[in-house]
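To start, the structure itself, in C-alpha coordinates.
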Amino acid sequence: MTGPATAPLPLSLLPDTATIGDQGQLLVGGCDTLELAAEFGTPLFVYDEAHLRARCTEAVEAFGDGVAYATKAFLCRAMAQLAHECGMQLDVATAGELHVALAAGVPADRLVMHGNNKSMAELEMALTAGVGRIVVDSFDELDRLDMLAARGIARQGDGGQGPARILLRMTPGIEAHTHEFVATGQDDSKFGFTVSSGLAGKAVERAMASPAVELLGLHAHIGSQVFSIDSLRQSATIIAAMAAPYDLPELSVGGGLGVAYVDGEEGLTITQWARVVKDAVAATGCTAKVLAEPGRAIAAGAAITLYTVGTIKHLPDIRTYVAVDGGMSDNPRPVLYGSGYETFLPRAVEARRARTITVVGKHCESGDTLVRDGTVPDDIAVGDILATPVTGAYGYSMGSNYQHVLRPAVVFVADGEARQVVRRQTLDDLLRYDVAP
Ligand SMILES: *Cc1c(COP(=O)(O)O)cnc(C)c1O
(Lines give C-alpha, C1' and ligand atoms only; values in the text may rest on other atoms or scores of the structure.)
Protein backbone atom coordinates (compact mmCIF):
# COMPACT_ATOMS: atom_id res chain seq x y z
CA MET A 1 0.00 0.00 0.00
CA THR A 2 2.90 2.34 0.67
CA GLY A 3 3.42 4.57 -2.34
CA PRO A 4 6.81 5.31 -3.85
CA ALA A 5 8.96 7.63 -1.78
CA THR A 6 8.12 10.45 -4.14
CA ALA A 7 4.34 10.03 -4.03
CA PRO A 8 2.15 12.99 -3.15
CA LEU A 9 0.68 13.18 0.33
CA PRO A 10 -2.11 10.58 0.76
CA LEU A 11 -5.17 12.80 1.04
CA SER A 12 -6.69 10.36 3.55
CA LEU A 13 -4.30 11.80 6.14
CA LEU A 14 -5.89 15.24 5.82
CA PRO A 15 -8.90 16.44 7.83
CA ASP A 16 -12.34 15.47 6.48
CA THR A 17 -13.15 18.78 4.79
CA ALA A 18 -9.77 19.21 3.10
CA THR A 19 -10.07 20.31 -0.52
CA ILE A 20 -7.66 21.57 -3.12
CA GLY A 21 -7.99 25.15 -4.34
CA ASP A 22 -7.56 26.35 -7.91
CA GLN A 23 -3.88 27.08 -7.35
CA GLY A 24 -3.32 23.58 -5.96
CA GLN A 25 -3.32 24.90 -2.39
CA LEU A 26 -4.92 23.27 0.64
CA LEU A 27 -8.24 24.42 1.99
CA VAL A 28 -9.63 23.07 5.27
CA GLY A 29 -13.13 23.93 6.42
CA GLY A 30 -13.36 26.11 3.33
CA CYS A 31 -10.39 28.23 4.51
CA ASP A 32 -7.20 28.66 2.50
CA THR A 33 -4.45 27.40 4.78
CA LEU A 34 -1.88 29.80 3.33
CA GLU A 35 -4.18 32.70 4.18
CA LEU A 36 -4.59 31.28 7.70
CA ALA A 37 -0.82 31.23 8.11
CA ALA A 38 -0.63 34.85 6.92
CA GLU A 39 -3.45 35.98 9.18
CA PHE A 40 -2.65 34.10 12.40
CA GLY A 41 1.09 33.50 12.00
CA THR A 42 2.98 30.24 12.40
CA PRO A 43 3.34 27.77 13.97
CA LEU A 44 -0.41 27.36 13.81
CA PHE A 45 -2.68 24.45 14.70
CA VAL A 46 -5.65 24.33 12.31
CA TYR A 47 -8.55 22.12 13.44
CA ASP A 48 -11.36 21.06 11.14
CA GLU A 49 -14.47 21.47 13.27
CA ALA A 50 -16.58 19.23 11.04
CA HIS A 51 -14.01 16.45 11.43
CA LEU A 52 -14.09 16.77 15.23
CA ARG A 53 -17.88 16.76 15.26
CA ALA A 54 -18.07 13.76 12.95
CA ARG A 55 -15.77 11.71 15.20
CA CYS A 56 -17.62 12.72 18.38
CA THR A 57 -20.97 11.86 16.80
CA GLU A 58 -19.60 8.55 15.56
CA ALA A 59 -18.41 7.72 19.09
CA VAL A 60 -21.81 8.51 20.58
CA GLU A 61 -23.56 6.44 17.93
CA ALA A 62 -21.16 3.54 18.40
CA PHE A 63 -21.12 3.39 22.20
CA GLY A 64 -24.19 5.36 23.26
CA ASP A 65 -24.44 7.88 26.05
CA GLY A 66 -21.55 7.75 28.49
CA VAL A 67 -18.72 7.61 25.97
CA ALA A 68 -16.17 10.26 26.98
CA TYR A 69 -13.65 12.35 25.07
CA ALA A 70 -10.22 12.01 26.69
CA THR A 71 -9.32 15.67 27.01
CA LYS A 72 -5.62 15.14 27.47
CA ALA A 73 -5.40 14.63 23.70
CA PHE A 74 -6.36 18.28 23.18
CA LEU A 75 -8.28 20.60 25.47
CA CYS A 76 -9.41 24.17 25.38
CA ARG A 77 -12.85 25.55 26.18
CA ALA A 78 -14.00 25.42 22.55
CA MET A 79 -12.97 21.77 22.32
CA ALA A 80 -14.76 20.91 25.57
CA GLN A 81 -17.91 22.65 24.36
CA LEU A 82 -17.78 20.94 20.99
CA ALA A 83 -17.45 17.44 22.47
CA HIS A 84 -20.22 18.21 24.97
CA GLU A 85 -22.54 19.57 22.27
CA CYS A 86 -21.99 16.40 20.26
CA GLY A 87 -23.18 14.34 23.22
CA MET A 88 -19.88 13.11 24.59
CA GLN A 89 -18.91 13.11 28.22
CA LEU A 90 -15.41 14.37 29.01
CA ASP A 91 -12.59 12.48 30.67
CA VAL A 92 -10.44 14.79 32.77
CA ALA A 93 -7.44 13.62 34.76
CA THR A 94 -6.16 16.62 36.70
CA ALA A 95 -7.54 19.62 38.55
CA GLY A 96 -6.43 21.67 35.55
CA GLU A 97 -8.42 19.67 33.01
CA LEU A 98 -11.39 19.64 35.38
CA HIS A 99 -11.17 23.42 35.75
CA VAL A 100 -11.10 24.03 31.99
CA ALA A 101 -14.01 21.67 31.33
CA LEU A 102 -16.11 23.34 34.04
CA ALA A 103 -15.10 26.79 32.76
CA ALA A 104 -16.33 25.72 29.33
CA GLY A 105 -19.76 25.19 30.86
CA VAL A 106 -19.75 21.40 30.69
CA PRO A 107 -22.03 20.15 33.51
CA ALA A 108 -19.99 18.34 36.14
CA ASP A 109 -22.12 15.22 35.90
CA ARG A 110 -20.87 14.84 32.30
CA LEU A 111 -17.27 14.54 33.54
CA VAL A 112 -15.26 11.43 34.36
CA MET A 113 -12.30 12.04 36.67
CA HIS A 114 -9.17 9.98 36.07
CA GLY A 115 -5.64 9.95 37.41
CA ASN A 116 -3.30 7.51 39.12
CA ASN A 117 -2.42 9.96 41.89
CA LYS A 118 -5.35 12.25 42.50
CA SER A 119 -4.65 14.49 45.46
CA MET A 120 -7.08 15.10 48.30
CA ALA A 121 -7.63 18.55 46.81
CA GLU A 122 -8.43 17.11 43.37
CA LEU A 123 -10.83 14.55 44.80
CA GLU A 124 -12.52 17.20 46.91
CA MET A 125 -12.80 19.48 43.88
CA ALA A 126 -14.30 16.64 41.83
CA LEU A 127 -16.83 15.72 44.53
CA THR A 128 -17.94 19.24 45.32
CA ALA A 129 -18.27 20.04 41.63
CA GLY A 130 -20.35 16.87 41.33
CA VAL A 131 -18.45 14.90 38.70
CA GLY A 132 -20.42 12.03 37.21
CA ARG A 133 -17.77 9.34 37.71
CA ILE A 134 -14.42 8.98 39.44
CA VAL A 135 -12.25 6.19 38.09
CA VAL A 136 -10.39 4.97 41.16
CA ASP A 137 -6.85 3.80 40.58
CA SER A 138 -5.53 2.59 43.95
CA PHE A 139 -6.26 1.56 47.54
CA ASP A 140 -4.71 4.85 48.64
CA GLU A 141 -7.33 6.65 46.60
CA LEU A 142 -10.10 4.57 48.23
CA ASP A 143 -8.59 5.63 51.58
CA ARG A 144 -8.79 9.27 50.51
CA LEU A 145 -12.42 8.94 49.44
CA ASP A 146 -13.21 7.34 52.82
CA MET A 147 -11.42 10.19 54.59
CA LEU A 148 -13.28 12.82 52.59
CA ALA A 149 -16.61 11.13 53.34
CA ALA A 150 -15.70 11.03 57.04
CA ARG A 151 -15.16 14.78 56.84
CA GLY A 152 -18.64 15.19 55.38
CA ILE A 153 -17.47 15.87 51.84
CA ALA A 154 -19.91 14.11 49.55
CA ARG A 155 -20.64 14.25 45.85
CA GLN A 156 -22.95 17.14 45.06
CA GLY A 157 -25.67 16.12 42.66
CA ASP A 158 -29.07 17.18 41.41
CA GLY A 159 -30.84 15.05 43.94
CA GLY A 160 -28.68 16.31 46.83
CA GLN A 161 -25.57 14.70 48.20
CA GLY A 162 -24.43 11.18 47.63
CA PRO A 163 -21.47 8.85 47.71
CA ALA A 164 -18.81 9.15 45.01
CA ARG A 165 -19.89 7.25 41.90
CA ILE A 166 -16.89 5.22 40.89
CA LEU A 167 -15.40 2.78 38.45
CA LEU A 168 -12.32 0.79 39.43
CA ARG A 169 -9.39 0.83 37.04
CA MET A 170 -8.12 -2.66 36.39
CA THR A 171 -4.76 -3.65 35.02
CA PRO A 172 -5.64 -6.65 32.87
CA GLY A 173 -2.08 -7.84 32.16
CA ILE A 174 -2.29 -7.21 28.44
CA GLU A 175 0.50 -6.04 26.18
CA ALA A 176 -0.81 -3.28 23.98
CA HIS A 177 2.02 -3.62 21.42
CA THR A 178 2.55 0.12 21.35
CA HIS A 179 5.40 2.37 22.53
CA GLU A 180 6.40 1.37 26.07
CA PHE A 181 5.80 4.93 27.34
CA VAL A 182 2.11 4.68 26.41
CA ALA A 183 1.52 1.01 27.26
CA THR A 184 -0.51 0.88 30.47
CA GLY A 185 -2.23 -2.51 30.62
CA GLN A 186 0.69 -4.82 31.43
CA ASP A 187 1.17 -6.06 35.00
CA ASP A 188 4.30 -3.93 35.44
CA SER A 189 2.38 -0.66 35.39
CA LYS A 190 1.83 2.24 37.77
CA PHE A 191 -1.87 2.22 36.86
CA GLY A 192 -4.77 0.40 38.40
CA PHE A 193 -5.49 -2.79 40.32
CA THR A 194 -3.70 -5.84 38.97
CA VAL A 195 -6.10 -8.55 37.91
CA SER A 196 -3.61 -11.43 37.87
CA SER A 197 -2.42 -10.92 41.46
CA GLY A 198 -5.93 -10.79 42.89
CA LEU A 199 -5.70 -7.12 43.90
CA ALA A 200 -8.52 -6.28 41.53
CA GLY A 201 -10.91 -8.65 43.30
CA LYS A 202 -9.96 -7.16 46.68
CA ALA A 203 -10.58 -3.67 45.34
CA VAL A 204 -14.06 -4.64 44.19
CA GLU A 205 -14.89 -6.12 47.60
CA ARG A 206 -13.54 -3.11 49.42
CA ALA A 207 -15.44 -0.65 47.18
CA MET A 208 -18.67 -2.60 47.59
CA ALA A 209 -18.30 -2.46 51.37
CA SER A 210 -17.47 1.26 51.56
CA PRO A 211 -20.32 3.70 52.21
CA ALA A 212 -18.14 6.46 50.70
CA VAL A 213 -18.47 5.09 47.20
CA GLU A 214 -21.06 3.62 44.89
CA LEU A 215 -19.35 1.10 42.60
CA LEU A 216 -20.81 1.34 39.10
CA GLY A 217 -18.34 -0.62 37.10
CA LEU A 218 -14.86 -1.65 36.06
CA HIS A 219 -12.48 0.10 33.72
CA ALA A 220 -9.32 -0.76 31.82
CA HIS A 221 -7.18 1.31 29.48
CA ILE A 222 -4.28 -0.66 28.05
CA GLY A 223 -2.43 2.13 26.30
CA SER A 224 -2.52 4.56 23.45
CA GLN A 225 -1.95 4.32 19.69
CA VAL A 226 -2.94 0.64 19.85
CA PHE A 227 -3.30 -1.12 16.50
CA SER A 228 -3.54 -4.63 17.92
CA ILE A 229 -7.20 -5.61 17.72
CA ASP A 230 -6.35 -8.72 19.72
CA SER A 231 -5.03 -6.68 22.62
CA LEU A 232 -8.13 -4.47 22.70
CA ARG A 233 -10.35 -7.55 22.53
CA GLN A 234 -8.45 -9.48 25.21
CA SER A 235 -8.50 -6.57 27.62
CA ALA A 236 -12.26 -6.14 27.19
CA THR A 237 -12.73 -9.88 27.70
CA ILE A 238 -10.69 -9.95 30.90
CA ILE A 239 -12.47 -7.08 32.61
CA ALA A 240 -15.88 -8.23 31.39
CA ALA A 241 -15.29 -11.71 32.81
CA MET A 242 -14.19 -10.12 36.05
CA ALA A 243 -17.23 -7.81 36.19
CA ALA A 244 -19.87 -10.36 35.18
CA PRO A 245 -20.41 -12.01 38.60
CA TYR A 246 -20.94 -8.63 40.30
CA ASP A 247 -23.63 -7.55 37.86
CA LEU A 248 -22.31 -3.97 37.69
CA PRO A 249 -24.07 -1.64 35.24
CA GLU A 250 -21.02 -0.18 33.45
CA LEU A 251 -17.80 -1.35 31.87
CA SER A 252 -15.31 1.06 30.33
CA VAL A 253 -12.71 -0.16 27.87
CA GLY A 254 -10.75 3.12 28.03
CA GLY A 255 -9.30 4.69 24.93
CA GLY A 256 -6.23 3.85 22.91
CA LEU A 257 -7.49 3.28 19.39
CA GLY A 258 -4.54 3.72 16.99
CA VAL A 259 -4.74 6.20 14.14
CA ALA A 260 -2.83 6.42 10.86
CA TYR A 261 -0.09 9.04 10.90
CA VAL A 262 1.88 8.10 7.81
CA ASP A 263 1.33 6.56 4.40
CA GLY A 264 0.50 2.86 4.66
CA GLU A 265 -0.86 2.85 8.21
CA GLU A 266 -4.49 1.98 8.75
CA GLY A 267 -6.47 1.94 11.96
CA LEU A 268 -9.96 0.79 12.85
CA THR A 269 -12.77 3.31 12.76
CA ILE A 270 -14.45 4.11 16.07
CA THR A 271 -17.47 2.13 14.86
CA GLN A 272 -15.35 -0.96 14.12
CA TRP A 273 -13.57 -0.68 17.46
CA ALA A 274 -16.92 -0.48 19.30
CA ARG A 275 -18.06 -3.64 17.52
CA VAL A 276 -14.90 -5.52 18.50
CA VAL A 277 -15.06 -4.64 22.19
CA LYS A 278 -18.82 -4.96 22.53
CA ASP A 279 -18.74 -8.42 20.94
CA ALA A 280 -15.90 -9.43 23.27
CA VAL A 281 -17.85 -8.24 26.31
CA ALA A 282 -21.08 -9.92 25.19
CA ALA A 283 -19.25 -13.21 24.67
CA THR A 284 -18.41 -13.37 28.38
CA GLY A 285 -22.06 -13.05 29.39
CA CYS A 286 -21.42 -9.64 30.94
CA THR A 287 -24.43 -7.42 30.33
CA ALA A 288 -22.92 -4.12 31.49
CA LYS A 289 -23.16 -1.06 29.23
CA VAL A 290 -19.86 -0.79 27.36
CA LEU A 291 -18.25 2.64 27.58
CA ALA A 292 -15.06 4.06 26.13
CA GLU A 293 -12.80 7.12 26.26
CA PRO A 294 -11.27 7.88 22.88
CA GLY A 295 -8.92 10.87 22.70
CA ARG A 296 -6.57 10.44 19.77
CA ALA A 297 -9.26 8.89 17.54
CA ILE A 298 -11.34 12.05 17.96
CA ALA A 299 -8.70 14.74 17.67
CA ALA A 300 -5.57 13.53 15.88
CA GLY A 301 -6.70 13.59 12.27
CA ALA A 302 -8.71 16.78 12.72
CA ALA A 303 -5.70 19.09 12.72
CA ILE A 304 -2.65 20.01 10.75
CA THR A 305 0.21 22.18 11.94
CA LEU A 306 1.52 24.97 9.73
CA TYR A 307 5.13 26.12 10.06
CA THR A 308 7.31 28.57 8.15
CA VAL A 309 10.56 27.27 6.70
CA GLY A 310 13.45 29.38 8.04
CA THR A 311 16.63 27.66 6.90
CA ILE A 312 17.55 24.85 4.53
CA LYS A 313 20.91 23.19 5.10
CA HIS A 314 21.91 20.67 2.48
CA LEU A 315 24.69 18.28 3.47
CA PRO A 316 25.65 16.25 0.39
CA ASP A 317 25.49 12.50 1.04
CA ILE A 318 24.25 13.13 4.58
CA ARG A 319 20.86 14.86 4.71
CA THR A 320 18.97 18.08 4.16
CA TYR A 321 17.87 19.89 7.30
CA VAL A 322 14.82 22.08 6.98
CA ALA A 323 14.36 24.21 10.09
CA VAL A 324 10.92 25.54 10.94
CA ASP A 325 9.71 28.11 13.47
CA GLY A 326 8.44 25.56 16.03
CA GLY A 327 9.68 22.15 17.14
CA MET A 328 9.64 19.94 20.22
CA SER A 329 7.79 22.67 22.15
CA ASP A 330 4.68 22.37 19.95
CA ASN A 331 4.96 18.66 19.15
CA PRO A 332 7.13 16.58 21.48
CA ARG A 333 5.89 13.23 20.15
CA PRO A 334 8.77 12.62 17.76
CA VAL A 335 11.28 13.25 20.55
CA LEU A 336 9.36 11.27 23.19
CA TYR A 337 8.25 8.28 21.15
CA GLY A 338 10.12 8.49 17.87
CA SER A 339 6.77 9.12 16.18
CA GLY A 340 6.65 9.61 12.44
CA TYR A 341 4.77 12.23 10.45
CA GLU A 342 4.28 13.11 6.83
CA THR A 343 5.31 16.51 5.48
CA PHE A 344 3.89 18.52 2.62
CA LEU A 345 3.67 22.01 1.24
CA PRO A 346 0.11 23.36 1.49
CA ARG A 347 0.76 25.48 -1.62
CA ALA A 348 1.10 22.29 -3.69
CA VAL A 349 -0.76 19.51 -1.94
CA GLU A 350 -0.84 17.15 -4.89
CA ALA A 351 2.75 17.68 -5.98
CA ARG A 352 5.15 14.77 -6.14
CA ARG A 353 7.47 14.84 -3.13
CA ALA A 354 10.83 13.99 -4.63
CA ARG A 355 13.05 15.54 -1.99
CA THR A 356 13.83 13.79 1.30
CA ILE A 357 14.38 16.15 4.20
CA THR A 358 14.64 16.17 7.97
CA VAL A 359 12.37 18.75 9.54
CA VAL A 360 13.89 20.22 12.69
CA GLY A 361 12.73 22.90 15.08
CA LYS A 362 14.35 26.01 16.48
CA HIS A 363 15.39 24.61 19.87
CA CYS A 364 19.01 24.28 20.90
CA GLU A 365 19.01 20.48 20.84
CA SER A 366 20.09 18.13 18.11
CA GLY A 367 17.20 15.92 19.15
CA ASP A 368 14.69 18.62 18.27
CA THR A 369 13.37 16.76 15.25
CA LEU A 370 9.79 16.96 13.98
CA VAL A 371 10.05 14.64 10.98
CA ARG A 372 12.92 12.35 10.11
CA ASP A 373 13.04 11.53 6.40
CA GLY A 374 9.97 13.44 5.34
CA THR A 375 9.40 14.12 1.67
CA VAL A 376 8.53 17.42 0.02
CA PRO A 377 8.43 18.82 -3.51
CA ASP A 378 11.83 19.60 -5.00
CA ASP A 379 11.32 23.33 -5.09
CA ILE A 380 10.90 23.80 -1.32
CA ALA A 381 12.35 27.18 -0.39
CA VAL A 382 12.97 29.40 2.61
CA GLY A 383 9.72 31.19 3.45
CA ASP A 384 7.51 28.29 2.36
CA ILE A 385 4.69 27.17 4.62
CA LEU A 386 5.32 23.53 5.51
CA ALA A 387 2.67 21.37 7.14
CA THR A 388 2.45 18.17 9.16
CA PRO A 389 -0.92 16.38 9.12
CA VAL A 390 -2.54 14.36 11.93
CA THR A 391 -1.25 16.66 14.67
CA GLY A 392 -4.52 17.23 16.53
CA ALA A 393 -3.76 14.95 19.47
CA TYR A 394 -0.91 15.14 21.98
CA GLY A 395 0.75 18.03 20.15
CA TYR A 396 -0.53 21.28 21.55
CA SER A 397 -1.55 19.51 24.76
CA MET A 398 1.94 18.12 25.39
CA GLY A 399 3.69 21.24 24.23
CA SER A 400 5.81 23.40 26.48
CA ASN A 401 7.42 26.77 26.83
CA TYR A 402 10.88 25.30 26.48
CA GLN A 403 13.37 28.08 25.81
CA HIS A 404 10.54 30.53 26.29
CA VAL A 405 9.38 29.86 22.79
CA LEU A 406 5.84 31.22 22.57
CA ARG A 407 3.11 28.59 22.43
CA PRO A 408 1.27 28.68 19.09
CA ALA A 409 -2.26 29.78 18.33
CA VAL A 410 -5.04 27.30 17.60
CA VAL A 411 -7.79 28.01 15.10
CA PHE A 412 -11.00 26.11 14.40
CA VAL A 413 -12.18 26.30 10.81
CA ALA A 414 -15.67 25.57 9.50
CA ASP A 415 -17.77 26.73 6.56
CA GLY A 416 -15.18 29.19 5.31
CA GLU A 417 -14.72 30.86 8.71
CA ALA A 418 -11.72 30.63 11.01
CA ARG A 419 -12.00 31.39 14.69
CA GLN A 420 -9.08 31.57 17.03
CA VAL A 421 -9.80 29.35 20.05
CA VAL A 422 -6.40 29.68 21.71
CA ARG A 423 -4.38 32.79 21.01
CA ARG A 424 -0.65 32.77 20.46
CA GLN A 425 1.31 33.55 23.61
CA THR A 426 2.91 36.94 23.88
CA LEU A 427 6.30 37.77 25.31
CA ASP A 428 4.55 39.33 28.30
CA ASP A 429 2.71 36.05 28.95
CA LEU A 430 6.13 34.60 29.73
CA LEU A 431 6.45 36.96 32.69
CA ARG A 432 3.04 36.22 34.16
CA TYR A 433 4.23 33.73 36.78
CA ASP A 434 7.66 35.23 37.12
CA VAL A 435 7.48 36.98 40.50
CA ALA A 436 9.75 40.00 40.27
CA PRO A 437 12.71 39.76 42.66
C1 LIG B 1 -4.98 8.67 27.58
C2 LIG B 1 -6.19 7.97 28.05
C3 LIG B 1 -7.28 7.82 27.20
C4 LIG B 1 -7.26 8.25 25.76
O5 LIG B 1 -6.32 7.55 25.02
P6 LIG B 1 -6.28 7.72 23.42
O7 LIG B 1 -5.16 6.85 23.01
O8 LIG B 1 -6.00 9.16 23.17
O9 LIG B 1 -7.58 7.29 22.89
C10 LIG B 1 -8.41 7.22 27.70
N11 LIG B 1 -8.47 6.78 28.98
C12 LIG B 1 -7.43 6.93 29.83
C13 LIG B 1 -7.57 6.44 31.20
C14 LIG B 1 -6.26 7.52 29.40
O15 LIG B 1 -5.23 7.63 30.23
Side-chain angles (χ1 to χ4, degrees), residues 52 55-56 58-59 62-63 66-75 79 83 88-94 96-98 101 111-118 122 126 131-138 141 166-172 174 176-186 189-193 217-229 231-232 235-236 239 250-261 265 267-270 272-274 276-277 290-303 333 336-337 339 390-398:
L52 290 171
R55 295 306 178 282
C56 290
E58 183 184 354
F63 286 99
V67 63
Y69 167 62
T71 62
K72 74 178 191 281
F74 170 65
L75 178 62
M79 181 66 215
M88 291 193 87
Q89 298 198 3
L90 271 68
D91 148 1
V92 294
T94 63
E97 289 176 350
L98 175 57
L111 301 178
V112 183
M113 182 78 182
H114 270 281
N116 71 295
N117 180 20
K118 305 176 193 75
E122 282 173 320
V131 300
R133 302 284 180 273
I134 295 176
V135 182
V136 173
D137 207 280
S138 65
E141 188 176 342
I166 69 163
L167 273 65
L168 291 172
R169 178 162 178 171
M170 305 285 138
T171 317
I174 292 295
H177 303 292
T178 184
H179 192 283
E180 66 166 310
F181 293 175
V182 291
T184 56
Q186 67 286 359
S189 167
K190 72 170 179 172
F191 297 101
F193 299 98
L218 305 188
H219 169 283
H221 168 77
I222 59 167
S224 198
Q225 188 59 358
V226 179
F227 281 116
S228 164
I229 299 174
S231 300
L232 296 167
S235 171
I239 56 161
E250 295 174 15
L251 189 83
S252 174
V253 298
L257 184 61
V259 308
Y261 280 90
E265 280 182 334
L268 295 184
T269 65
I270 294 171
Q272 292 167 329
W273 171 45
V276 166
V277 292
V290 178
L291 301 175
E293 304 152 349
R296 191 187 307 272
I298 301 288
R333 292 188 66 253
L336 269 174
Y337 316 122
S339 312
V390 203
T391 51
Y394 305 105
Y396 189 88
S397 69
M398 287 185 118

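Keep in mind it's a predicted model, so treat the numbers as computed, not measured. Counting starts at 1 for both ligands and their atoms, following the listed order.
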Check ligand 1 against [X] and write out every atom of the ligand that is under 4.0 Å from a heavy-atom position of the residue.
| X | result |
| --- | --- |
| A70 | 3 (C), 4 (C), 10 (C) |
| R296 | 6 (P), 8 (O), 9 (O) |
| P294 | 9 (O) |
| G256 | 5 (O), 6 (P), 7 (O), 9 (O) |
| R169 | 13 (C) |
| G255 | 9 (O), 10 (C), 11 (N) |

Flag side-chain contact, heavy atom, 4.5 Å: V136 against L167: no

Protein heavy atom at shortest distance from [atom]:
| atom | answer |
| --- | --- |
| atom 7 (O) of ligand 1 | S224 OG, 2.3 Å |
| atom 11 (N) of ligand 1 | E293 OE1, 2.6 Å |
| atom 1 (C) of ligand 1 | K72 NZ, 1.2 Å |
| atom 8 (O) of ligand 1 | Y394 OH, 2.5 Å |

With respect to A297, determine whether any N or O atom, backbone or side chain, lies less than 3.5 Å from an N or O atom of ligand 1. no

When only distance counts, is G295 in polar contact with ligand 1, meaning an N/O pair under 3.5 Å? yes

Nearest-0.5 Å distance, [atom1] of residue [X] to [atom2] of residue [Y]:
| X | Y | atom1 | atom2 | result |
| --- | --- | --- | --- | --- |
| Q225 | S339 | CD | OG | 7.5 Å |
| L232 | L268 | CG | CG | 7.5 Å |
| Q89 | R133 | CD | CZ | 6.5 Å |
| T71 | M79 | OG1 | CE | 9.5 Å |

Regarding R169 and the six-membered ring of F193, is the cationic atom NZ or CZ under 6.0 Å from the ring centre and inside 45° of its axis?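 Judged by the rule, R169 and F193 form no cation-pi pair.
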
Donor-acceptor check, side chain of H114 to backbone of V92, threshold 3.5 angstrom: yes or no? no

Between K72 and E97, is there a salt bridge with N-O shorter than 4.0 Å? no

Give the C-alpha distance, both sets of side-chain angles, the deciding distance and a yes or no for side-chain hydrogen bond (donor to acceptor under 3.5 Å, both in side chains) between R296 and Y261. CA-CA 11 Å; R296 191 187 307 272; Y261 280 90; 2.7 Å; yes

Is the contact between V135 and ligand 1 made by the side chain, the backbone, both, or neither, using heavy atoms and a 4.0 Å cut-off?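 Neither part.
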
